[in-house]
Amino acid sequence: MRRVVVTGIGMVSPLAGDVETTWSRLLDGKSGAVKLTKFDTEDYKCKIACEVPYGDGTDGTFNPDKYVPAKERRRIDDFITLGLSAAAQAVADSGWEPQTDEDRWNTGVLIGSGIGGLPSIEKTSLLLAEKGPRRVSPFFIPGSLINLVSGMVSIKYGYKGPNHAVVTACSTGSHAIGDAARMVMLGDADVMIAGGAEATICPIGFAGFLATRALSTNFNDDPTAGSRPYDKDRDGFVMGEGSGILVLEELEHAKARGAKIYAEVVGYGMSGDAHHITAPASDGDGAYRCMKTALNRAGINAGDLDYVNAHGTSTPLGDEIELRALERVMEGKGKGVSMSSTKSAIGHLLGAAGAVEAIFGVLAIRDNVVPPTLNLHNPSFETDVDLVPLKAKEKTVNTVLSNSFGFGGTNASIVMRRFNA
Amino acid sequence: MSDTTERVQKIVIEHLGAEADKVKPEASFIDDLGADSLDTVELVMAFEEEFGIEIPDDAAETIQTVGDAVSFIDKASA
């Protein structure tokens, strides 16, 4: 099988509009949670979110004008703008510019989203009710469709290879990376632009997730304390938004053009819980099997894992189930492995989460440091696994596993390793 | 320049991001101003909204230029 390496990364997160500022703020223990500004939350039990810091681009703010003209943004949902922006960063970072038709045919895009254009669907439904069908924009459907991030990236750069999109709720980002890596391994493409984008901080998104009882509601007066994976006071996730995009490239292709190589994608595991539409299976078997499969694919022993980027959403049930599943993977030898949840700082980016978190894994390998789990003052259980409470930790990081689990009982794990020729 | 012309030009500039001096009466939305078929649907909706008129689909298809739009709107509002 052909080998696949990461040669470019791009990100828009609640901490910043780019990868490096996000990463340094993450390591500094900063949180992206704020009192929600996008709509009036008076009737909502949750009043906090991890919003992307829009601005003029200074001080790490996200300036969409840099990536997508204002005229175009009016016609597309925010998740597409975020995806196009992160993709532009990743492509520039990789330095990959197809020169020939063959180059273009061998470059594809696989960017997913958990929900897609929910704010546009909400606004257009209200317009339809108020003014009737003749006022619905011709850009409503193409501007809301999940695969239009992939579509617009391909149009912008002329990538004519596989054009695909994943929709697996909160596992989307990880599935996108895993599936895209396989397309490169199997020779469907030499380069794939892969990841996820999400922007569902809107009234109907909040009302919907509140109804599932998934959001944190106890920290409305102290937003940065809301996302607290593993802590005994955790009471739900804090919604985030953003996008993470990686350039995945066949090894020889990357070497031939002298590309910078961040890490190698060596393992991918998938499983289904077959249990419940929103609740994780309490035995953690789905989580266990997808981690185990990813490690087997990679040919790596669990004992060689240095860092696990947890799904860890800060919900009462899920965090411990995932931890116990990891302990089972480690065969009781949890000592030596670090597992943190970066959702403690950026919230839950839903369909973008797995992609953003895989990038954190890549950076952990690059810099030999693991990001912290914020707000973890009192773990609600005992474990030998290092949960990296409160402060980032310097350690040798050669092998990383990143987990994502989604509604419907869909699980994905990605394993990445420091690149060795 | 009539009031209708000015208002039509403003909408066209806003929606198509066209340069003001190119938005002449004879300018074709698709051939001269870079619109695609979805843009023209959106333009017609914007004219309806701005002038409080209804432009039926078969009439909308005949509105190809800035001047076509102005004369249709003037007739419809008369």
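Only this structure's heavy atoms are used, side chains among them; waters, hydrogens and symmetry mates stay out.
The structure places NE2 of B:His15 at 5.5 Å from CZ of A:Arg74, a figure rounded to the nearest 0.5 Å.
By a heavy-atom distance cut of under 4.5 Å, A:Lys131, A:Arg134, A:Arg135, A:Val136, A:Ser137, A:Pro138, A:Phe139, A:Pro142 are the residues of residues 128-165 of chain A near chain B, going up by number. Contacts with chain A (heavy atom to heavy atom, under 4.5 Å) involve these residues of residues 25-41 of chain B, listed by number: B:Leu38, B:Asp39, B:Val41.
For B:Asp57, the CG atom sits in a loose shell: 12 or fewer heavy atoms of surrounding residues, nucleotides or ligands are nearer than 6.0 Å. Taking a 6.0 Å sphere around NZ of A:Lys71, one finds it holds more than 12 heavy atoms contributed by other residues, nucleotides or ligands. For A:Glu102, the CD atom sits in a loose shell: 12 or fewer heavy atoms of surrounding residues, nucleotides or ligands are nearer than 6.0 Å.
Looking at B:Glu14, only its backbone comes within 4.5 Å of chain A, counting heavy atoms on both sides.
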